[in-house]
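The figures that follow rest on heavy atoms only: side chains count, while hydrogens, waters and symmetry mates do not. Values in this document were obtained by computation on a predicted structure and should not be read as measured data.
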Amino acid sequence: MKLDRMIGILSILLQQEKATMPELAKKFEVSRRTINRDIESLCMAGIPLVTQQGAGGGVSIMEGYKIDKTLLSTSDMQAILAGLSSLDSVSGTNRYGQLMEKLSGGNSNLLVGDGHILINLSAWNKASLSPKIEAIHEAVLSAKMISFCYYGPKGDTTRKIEPYDLIFHWSNWYVWGWCLARQDFRLFKLNRMADLHTEEGFEKRPAPLPDLAKERVFPSVFQVKAVIQPKYKWRLIEEFGPEYFTVLPDNTLLFSGGFTDRDTVVSWIASFGDGAELLEPEEFRKDLVRFAEEIRNKYLET
């Protein structure tokens, strides 16, 4: 991609005094004419590049320009490369690793990256998720609609959307797009999508970025208070954080937090077995009793 090359060219010129057109063309596997156009684009973007002809010539950043060689330090480049390498863990390809090599400008010290930061964005179900990410990414770039079966809390539906962005958040992958059925922008979790197909092209509309605030995506409809046994402290910390509970004099934990729906409250409390007691909402206590009785009766029948 042109942007990748331009970033790579600028990175190389920030790390070495000068580079020749043939060297850049060979590194990025394009023609010298393409490199010339990239250089012109960088100049139009405000980066003053100087081209010298003849022996000892090449392209360089104008001496004295305030973007100096310290703009991208070794630690900066290592952070960039660590992030790029994490994308290969999603796609299962070496596409971003190859881009890393180009960005490093042949500097093996930079190519190593920060060995103490290891990022793996792949999910347990990578085998089924990676093809979806690749297909949706291609649809976004080519402005093609996608259709799929979506499994949600309210049942299974068939959706057709204009995809705009792939988003990794809350430890999951999502696609943000204009839903034709809802006539609005919606966020769809890739794990819940099946039978994905690329459809006809579409004309892109102004697309706002999604509001990913927890309160927006997971609104607190029900405020829950519960007493949790100390042995489950790790779960509260992992799922919510230490600010969501206080330690009582008997070492039990008083939890307070918001949930989006009634069923989630009941199933969450029930997942602790006898290690949790729901205090509020008080009317949900009857739901817990009914839930326990249904489980009991099911196993008594067998």
Side-chain angles (χ1 to χ4, degrees), residues 1 3-4 83-99 119-219 221 238-239 259-268 270-271 291 294-295 298:
M1 294 176 62
L3 180 59
D4 293 342
L84 286 174
S85 65
S86 69
L87 296 177
D88 278 335
S89 69
V90 175
S91 65
T93 68
N94 193 37
R95 176 191 310 161
Y96 297 98
Q98 294 169 350
L99 175 58
I119 306 171
N120 191 320
L121 301 179
S122 61
W124 295 113
N125 55 343
K126 178 180 177 180
S128 62
L129 190 60
S130 292
K132 293 179 190 176
I133 292 174
E134 290 292 294
I136 295 173
H137 187 213
E138 181 60 34
V140 171
L141 294 178
S142 58
K144 295 288 184 65
M145 293 187 187
I146 57 173
S147 61
F148 49 90
C149 179
Y150 196 67
Y151 303 100
K154 297 181 180 179
D156 308 343
T157 58
T158 299
R159 300 295 184 97
K160 189 173 182 179
I161 71 169
E162 301 171 359
Y164 286 89
D165 296 290
L166 275 165
I167 300 169
F168 182 77
H169 201 51
W170 311 299
S171 303
N172 284 291
W173 281 93
Y174 299 81
V175 58
W176 172 250
W178 177 267
C179 177
L180 272 66
R182 300 292 184 264
Q183 287 295 294
D184 198 2
F185 284 96
R186 289 289 189 273
L187 202 61
F188 298 93
K189 183 182 288 188
L190 267 61
N191 282 341
R192 295 181 180 176
M193 296 166 57
D195 300 324
L196 176 67
H197 297 284
T198 302
E199 304 288 348
E200 70 274 14
F202 66 92
E203 186 175 343
K204 290 191 174 183
R205 65 185 77 220
L209 292 175
D211 184 354
L212 300 177
K214 182 179 178 182
E215 295 75 16
R216 171 71 175 175
V217 181
F218 304 114
V221 179
E238 180 178 298
E239 296 174 15
F259 285 77
T260 58
D261 61 85
R262 194 181 192 113
D263 289 342
T264 302
V265 175
V266 173
S267 60
W268 185 73
S271 70
F291 178 84
E294 289 174 353
I295 296 296
K298 180 182 289 291

Calculate, to the nearest 0.5 Å, the distance between atoms CG and CH2 belonging to L129 and W173 respectively. 8.0 Å

Suppose we screen for salt bridge (charged side-chain N to carboxylate O under 4.0 Å, His left out). Which residues come up paired with R205, at least two apart in sequence or across chains? E162

Looking at the rings of W268 and F259, which for Trp means the six-membered one, are their centres under 6.0 Å apart? yes

Tell me every residue that passes side chain to side chain donor-acceptor pair (under 3.5 Å) with D261, counting only those two or more places apart in sequence or in another chain. T264

E294 side-chain N/O to F291 backbone N/O, donor-acceptor pair under 3.5 Å: no

Answer whether the closest heavy-atom distance between the side chains of D184 and C179 falls below 4.5 Å. no

Stepwise, does the side chain to side chain contact (heavy atoms under 4.5 Å, CB included) test hold for L212 with L187? CA-CA 10 Å; L212 300 177; L187 202 61; 3.9 Å; yes

Side chains of I161 and W178: closer than 4.5 Å at any heavy-atom pair? no

Taking C-beta and beyond as the side chain, do L190 and I136 meet within less than 4.5 Å on heavy atoms? yes

D211 meets the salt bridge (charged side-chain N to carboxylate O under 4.0 Å, His left out) criterion, sequence neighbours left out, with none

Applying side-chain contact (heavy atoms from CB on, under 4.5 Å) between C149 and each of D195, L196, T157, report the one that passes. D195

Approximate separation, where rounding is to 0.5 Å, of Y164 OH and L209 CG: 13.0 Å

Working to the nearest 0.5 Å, report the span between CZ of R186 and CG of L180. 12.5 Å

With sequence neighbours excluded, residues passing salt bridge (charged side-chain N to carboxylate O under 4.0 Å, His left out) with R192: none

Got a second to check how far I146's CD1 is from K132's NZ, nearest 0.5 Å? 10.5 Å

In Å, rounded to the nearest 0.5 Å, how long is the span from OG of S271 to CD of E239? 7.0 Å

Residue set satisfying salt bridge (charged side-chain N to carboxylate O under 4.0 Å, His left out) with R159, at least two apart, ordered chain then number -> none

Euclidean distance, S147 OG relative to H197 NE2, rounded to 0.5 Å: 6.0 Å

Not counting sequence neighbours, which residues clear ring pair (Phe, Tyr, Trp, His ring centres under 6.0 Å) with F148? List them please. F188

Could you check if a side-chain atom of E200 sits within less than 4.5 angstrom of a side-chain atom of K160, using non-hydrogen atoms only? yes

Are the side chains of F185 and P208 in contact, using a 4.5 Å heavy-atom criterion? yes

Between Y150 and K189, is there a donor-acceptor pair closer than 3.5 Å when you use the side chain of the first and the backbone of the second? yes

